[in-house]
Each structure stands twice: as C-alpha cells, then as structure tokens.
*Asks:* 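My questions all concern the structure below.
It should be emphasised that the depicted structure is a prediction, and the values quoted were computed from it without experimental measurement.
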Amino acid sequence: MSDRPALPPEMDPMRMLSEMKMPMVDVQALAAAQRRNLEALSAANRVALEGAQAIARRHMEILQQSMAEMTEAVRGVSSPSADPSSRAAQQADLVKATYERAVNNMKELADLIQKSNAEALTVLNKRFSEAMDEVRGMVAKKEG
C-alpha cells in the first residue's frame, strides 16, 4: 500500500492531462526561430558597432581639422602688421566661420548617428516581421 493519498478519479492528474487539448510545440522550428532571432540581434549589434566606429573616426577627423584651423587662425590674428580694426574684423570672421563649421559638423555627426540607428533597427524590424510570419505559419499548420 502506498503512503500517497488516493485521489478521486475526476481529480486524477494523468487523466486531466490526457484530456487537455494542448497544441504541440515544434521544438525544432522553435529552436530555428530563436537561432534566427539571435543572428538578427547579432547583425544589428554589428551594424551599430560599425556605425559607432564611423562616428568616432569622423569625430577624430573633425577634431584634427579644427586644431589645424585654430593653429592657423591664431597665427593670422597674432600678426603684428595688421591694424586693430582689421584684426577685429578678422576675429569676427574667424568666429563666424568657426561657429558655422561647428554647427555643420554637429549636424553631420547627428546624421551619421541617425543613419546607424536606422540601419540597426531595420535589421531588427525585418526579423520581427519574419518571426510573426513564422508564428502565423505554425498556427495555420496546427489548425489545418
């Protein structure tokens, strides 16, 4: 005799499980879908990393260009031959040109960031759409 309490027939867990209509999961298809999800995530990360590297390279180029321009500007403004009014005009032109370059550089970097993010998101959106099609296919296969 067993130490387990006896359950009435209507509460038998094995009978209840056998009567349940549970859809069977295609483990192979599920594993393949998860593999494709991870591949898409990896591809999106790769795209994002490449974008970040491109942004860092361009930022460094901008910094080097700015330093060269600043060095040249300091030489030009510090020349003793110019009168004070022409120096002031030179400085004003220099400030205006520097400001315009800075704004353009910031816009360029922002565009690079936006492009990189859009490319990574496109990879993920494509995989999400494929995954939804796969789910629809699995449901239709089980129903049909």
*Asks:* Please check: side-chain N/O of S129 versus main-chain N/O of N125, any donor-acceptor pairing under 3.5 Å?
*Replies:*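 No, because the side chain of S129 does not come within donor-acceptor range (under 3.5 Å) of the backbone of N125.
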*Asks:* Kindly write out the residues that satisfy side chain to side chain donor-acceptor pair (under 3.5 Å) with Q53, not counting sequence neighbours, or none if the list is empty.
*Replies:*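 Q53: no side chain to side chain donor-acceptor pair (under 3.5 Å) contacts found.
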*Asks:* Write down the atom of S116, the atom of G51, and the distance for their closest heavy-atom approach.
*Replies:*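 Result for this residue pair: OG-CA, 3.3 Å.
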*Asks:* Other members of the hydrophobic cluster containing L41, with the 4.5 Å side-chain heavy-atom rule, please.
*Replies:*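 Answer for L41: L124.
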*Asks:* Starting from L49, walk the hydrophobic network (Ile, Leu, Val, Met, Phe, Trp, Tyr; side-chain heavy atoms closer than 4.5 Å) and list everyone else you reach, by chain and number.
*Replies:*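 None; L49 is a cluster of one.
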*Asks:* Just grab all the salt bridge (Lys or Arg N to Asp or Glu O under 4.0 Å) pairs involving residues 112-122, residues at least two apart or on different chains.
*Replies:*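 Every pair satisfying salt bridge (Lys or Arg N to Asp or Glu O under 4.0 Å) with a residue in residues 112-122: K115-E119.
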*Asks:* First locate atom CG of D93, then atom OG1 of T98, and finally report the distance between them rounded to the nearest 0.5 Å.
*Replies:*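 Here the rounded value is 10.0 Å.
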*Asks:* With sequence neighbours excluded, what pairs up with A89 under the side-chain contact (heavy atoms from CB on, under 4.5 Å) test?
*Replies:*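 A89 satisfies side-chain contact (heavy atoms from CB on, under 4.5 Å) with no residue once adjacent residues are dropped.
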*Asks:* Counting only pairs under 3.5 Å, give me each side-chain donor-acceptor contact of residues 132-139, with atom names and distances, residues two or more places apart or in other chains.
*Replies:*
{"unit_1": "D133", "atom_1": "OD1", "unit_2": "R136", "atom_2": "NH1", "d": "2.5"}
{"unit_1": "E134", "atom_1": "OE1", "unit_2": "R36", "atom_2": "NH2", "d": "3.2"}
{"unit_1": "E134", "atom_1": "OE1", "unit_2": "R127", "atom_2": "NH2", "d": "3.0"}
{"unit_1": "E134", "atom_1": "OE2", "unit_2": "R36", "atom_2": "NE", "d": "2.9"}
{"unit_1": "E134", "atom_1": "OE2", "unit_2": "R36", "atom_2": "NH2", "d": "2.8"}
{"unit_1": "E134", "atom_1": "OE2", "unit_2": "R127", "atom_2": "NH1", "d": "3.1"}

*Asks:* Give every residue pair that meets the salt bridge (Lys or Arg N to Asp or Glu O under 4.0 Å) criterion with at least one member in residues 40-51, sequence neighbours excluded.
*Replies:*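 Residue pairs passing salt bridge (Lys or Arg N to Asp or Glu O under 4.0 Å), neighbours aside: none found.
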*Asks:* Can you give me the closest heavy-atom contact between A120 and V47, atom names plus distance?
*Replies:*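 So the minimum-distance heavy-atom pair works out to N-CG1, 3.6 Å.
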*Asks:* Return the set of residues passing side chain to side chain donor-acceptor pair (under 3.5 Å) with K107 (not counting sequence neighbours), or none when no residue passes.
*Replies:*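 Residues passing side chain to side chain donor-acceptor pair (under 3.5 Å) with K107: D111.
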*Asks:* Restricting to non-hydrogen atoms, name the atom on A40 and the atom on V123 that form the minimum distance, rounded to 0.1 Å.
*Replies:*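 Shortest heavy-atom contact: O-CG1, 3.4 Å.
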*Asks:* Residues in side-chain contact (heavy atoms from CB on, under 4.5 Å) with Q91, at least two apart?
*Replies:*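 Q91: side-chain contact (heavy atoms from CB on, under 4.5 Å) contacts with V77.
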*Asks:* Counting only heavy atoms from other residues, nucleotides and ligands, does the tally under 6.0 Å from CD of E39 exceed 12?
*Replies:*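 Yes, because the 6.0 Å sphere around CD of E39 holds more than 12 heavy atoms from other groups.
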*Asks:* Give the table of side-chain donor-acceptor pairs shorter than 3.5 Å for residues 63-72, with sequence neighbours excluded, one pair per line with atom names and distance.
*Replies:*
{"unit_1": "Q65", "atom_1": "NE2", "unit_2": "E69", "atom_2": "OE2", "d": "3.2"}
{"unit_1": "S66", "atom_1": "OG", "unit_2": "I62", "atom_2": "O", "d": "2.9"}
{"unit_1": "E69", "atom_1": "OE1", "unit_2": "R101", "atom_2": "NE", "d": "2.5"}
{"unit_1": "E69", "atom_1": "OE1", "unit_2": "R101", "atom_2": "NH2", "d": "3.2"}
{"unit_1": "T71", "atom_1": "OG1", "unit_2": "M67", "atom_2": "O", "d": "2.9"}

*Asks:* Output the distance between atom NE2 (H59) and atom CG (L112), rounded to the nearest 0.5 Å.
*Replies:*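 The distance works out to 11.5 Å.
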*Asks:* Please name all residues satisfying side chain to side chain donor-acceptor pair (under 3.5 Å) with S85, sequence neighbours left out, ordered by chain then number.
*Replies:*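 Residues passing side chain to side chain donor-acceptor pair (under 3.5 Å) with S85: D83.
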